[in-house]
Amino acid sequence: MKFAQIRDRVEIDREPPGPFEVSGLIGTWVNSNPNTTGIARMVMTESGGKFSLQTYAIGPNGLIDWATTAVTLFSAAASSRVAAGFTCLYDFGFAETRLQGMIMKGLLVLAQFHTFKDNSGRVGYFVREYYSLDHGRLYE
Amino acid sequence: MSETLSFKQNSDLHTALSDPVTRTLNSAQLVGRWLNTDRGTTGVREILIEQDGEEFMVSAVAAGADGPIEWPRTKAEALANLEEEAGQRAVALAVTFDFDFMRAETYLRVNKGVLVIVLFNVFLDQSGRSNYINREFYYRQN
């Protein structure tokens, strides 16, 4: 096994890794900031062992549905199978958004990387926001 | 004549994004050598951030079993950080370190004088290891 840092060095069973434990990740995540100008809520689902995220963001006339994209799951250690976060990519044609989510004590910390591919001259930007799992506040 | 901008959320229309200086605003906060606050870390021990105009390069040294492991010097993508640090906007960096057997995606930002990195480690070999996240903190070396 190759390593780039000590924490990459773990003992792995010869058996194929089991499924991720995802109970802390599946569901609807709602932005803690009711005045956000970005992602209002996200719905994480699982089907047939594959995980997807549907994202809704705030637009001038209400919510904008970004549709669903596949996610890659991450744990907190190379030897763990408990989901601790995810990454995914949205390609809108005129822009791309990469999301990196990390769960800390039940709070989802979401880093967002927005880059533009059109000729608008806009610089790419980074945003970090916080989400909790389904507290009942839905942005309409 | 005004230009109609495509958007997927309101923040895409932020006026600061149309100002190129936003990409390198207050970049001095990031530039320099940073040391892990955890002397016993089993991850990245130190980070060097360099700037040449609008380009940023990031180097790292990680803890290895037989001594430090140097990570490849890599070009970072500068992104406007719309959040404010002490009343000022600053730049954040996104960088991906590529190894043949794994890749480490990270973003770097300064929060109250502390460099915070969150590494998303993706294994590309068939070792059975889980992709994993780790977050670490660094102070600037004087």
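Letters A, B, ... mirror the listed sequences (proteins, then strands); counts begin at 1.
Within the 3.5 Å criterion, the main-chain N or O of V10(A) finds no donor-acceptor partner in the side chain of R129(B).
Counting heavy-atom pairs under 4.5 Å between each of R45(B), E105(B), E70(B), E77(B) and chain A puts E105(B) at the top. When the candidates S75(A), G124(A), S79(A), A83(A) are compared by the number of heavy-atom contacts under 4.5 Å with chain B, S75(A) comes out ahead. The greatest number of non-hydrogen atom pairs below 4.5 Å with chain A, out of G64(B), A78(B), A92(B), is found for G64(B). Counting heavy-atom pairs closer than 4.5 Å to chain A, the top residue among Q126(B), Q9(B), M102(B) is Q9(B). Between chain B and the residues W66(A), F116(A), F3(A), the most heavy-atom pairs under 4.5 angstrom are made by W66(A). Annotation: maximal heavy-atom pairing with chain A below 4.5 Å, among F99(B), Y107(B), F97(B), occurs at Y107(B).
Grouping the Ile, Leu, Val, Met, Phe, Trp and Tyr side chains by contacts below 4.5 angstrom, directly or via other members, places L17(B) with I64(A). At a threshold of 4.5 Å between side-chain heavy atoms, the hydrophobic network of Ile, Leu, Val, Met, Phe, Trp and Tyr places V22(A) and W29(A) in one connected group. Cluster annotation: V118(B) is connected to V122(B) through the hydrophobic network of ILVMFWY side chains, with a link wherever side-chain heavy atoms come within less than 4.5 Å. Under the 4.5 Å side-chain heavy-atom criterion for grouping Ile, Leu, Val, Met, Phe, Trp and Tyr, I69(B) is connected to F101(B) within one hydrophobic cluster. In terms of hydrophobic clustering, with Ile, Leu, Val, Met, Phe, Trp and Tyr side chains grouped at heavy-atom distances under 4.5 Å, I49(B) and F137(B) are assigned to different clusters.
Using a 4.5 Å cut-off between heavy atoms, F86(A) touches chain B through its backbone atoms (N, CA, C, O) alone. Interface remark: A77(A) contributes backbone atoms only to the contact with chain B (heavy atom separation under 4.5 Å). Heavy atoms of R98(A) lying under 4.5 Å from chain B belong exclusively to its side chain. Proximity to chain B is limited to the backbone of L73(A), based on heavy atoms less than 4.5 angstrom apart. Within the 4.5 angstrom heavy-atom criterion, only backbone atoms of S80(A) (N, CA, C, O) approach chain B. Using a 4.5 Å cut-off between heavy atoms, Y90(A) makes no contact with chain B at all. Interface remark: F94(A) contributes side-chain atoms only to the contact with chain B (heavy atom separation under 4.5 Å). Both the backbone and the side chain of F120(B) have a heavy atom closer than 4.5 Å to some heavy atom of chain A.
How far CG of D12(B) is from OG1 of T97(A): 7.0 Å, rounded to the nearest 0.5 Å. The distance from the OG atom of S127(B) to the NZ atom of K2(A) is 11.5 Å, given to the nearest 0.5 Å. Between L79(B) atom CG and T115(A) atom OG1 the span is 7.5 Å, to the nearest 0.5 Å. Put simply, OG1 on T87(A) and CG on N131(B) are 8.0 Å apart, with the number rounded to the nearest 0.5 Å.
Using modelled atom types and a 3.5 Å distance limit, the side chains of Q5(A) and N121(B) yield a donor-acceptor pair. Side-chain atoms of R81(A) and S130(B) include a donor-acceptor pair closer than 3.5 Å.
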Problem set entry | Worked check of side chain to side chain contact (heavy atoms under 4.5 Å, CB included) between D19(B) and V123(A) | CA-CA 8 Å; D19(B) 185 354; V123(A) 300; over 6 Å; no
For this session: Begin from the C-alpha positions of F126(A) and R109(B) and carry the test side chain to side chain contact (heavy atoms under 4.5 Å, CB included) through to its verdict.
Result: CA-CA 10 Å; F126(A) 168 86; R109(B) 57 188 289 272; 3.6 Å; yes
Problem set entry | Residue pair Y125(A), H14(B): steps toward the side chain to side chain contact (heavy atoms under 4.5 Å, CB included) verdict | CA-CA 10 Å; Y125(A) 69 101; H14(B) 200 296; over 6 Å; no
Exercise. How far apart are the C-alpha atoms of I133(B) and M102(A), what are their side-chain angles, what is the distance that settles it, and do they pass the side chain to side chain contact (heavy atoms under 4.5 Å, CB included) test?
Worked result: CA-CA 8 Å; I133(B) 307 170; M102(A) 178 175 65; 3.7 Å; yes
Exercise. Between Y132(B) and F74(A), is a ring-ring contact (aromatic ring centres under 6.0 Å, His included) present by the stated rule, with each step listed?
Worked result: CA-CA 5 Å; Y132(B) 72 97; F74(A) 289 75; 8.6 Å; no
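Closest approach of A4(A) to A62(B), counting heavy atoms only: O-CB, 3.3 Å. The shortest non-hydrogen separation linking I6(A) to A65(B) is CG1-N, 3.8 Å. Considering all non-hydrogen atoms of both residues, A78(A) and F123(B) come closest at CB-CE1, 4.1 Å. The minimum heavy-atom distance linking R122(A) with L5(B) is given by the pair NH1-CB, 3.9 Å.
Heavy-atom neighbours of K75(B) NZ from other residues, nucleotides or ligands within 6.0 Å: at or below the threshold of 12. Counting heavy atoms of neighbouring residues, nucleotides and ligands inside a 6.0 Å radius, atom CG of D100(B) exceeds 12 of them.
You'll find the side chain of N134(B) reaches within 4.5 Å of the side chain of R7(A), heavy atoms only.
Of all residues in residues 103-113 of chain A, those placing a non-hydrogen atom less than 4.5 angstrom from a non-hydrogen atom of chain B are M104(A), A111(A), Q112(A), F113(A).
For the pair K8(B) and F92(A), the cation-pi test (distance below 6.0 Å, angle within 45°) is passed.
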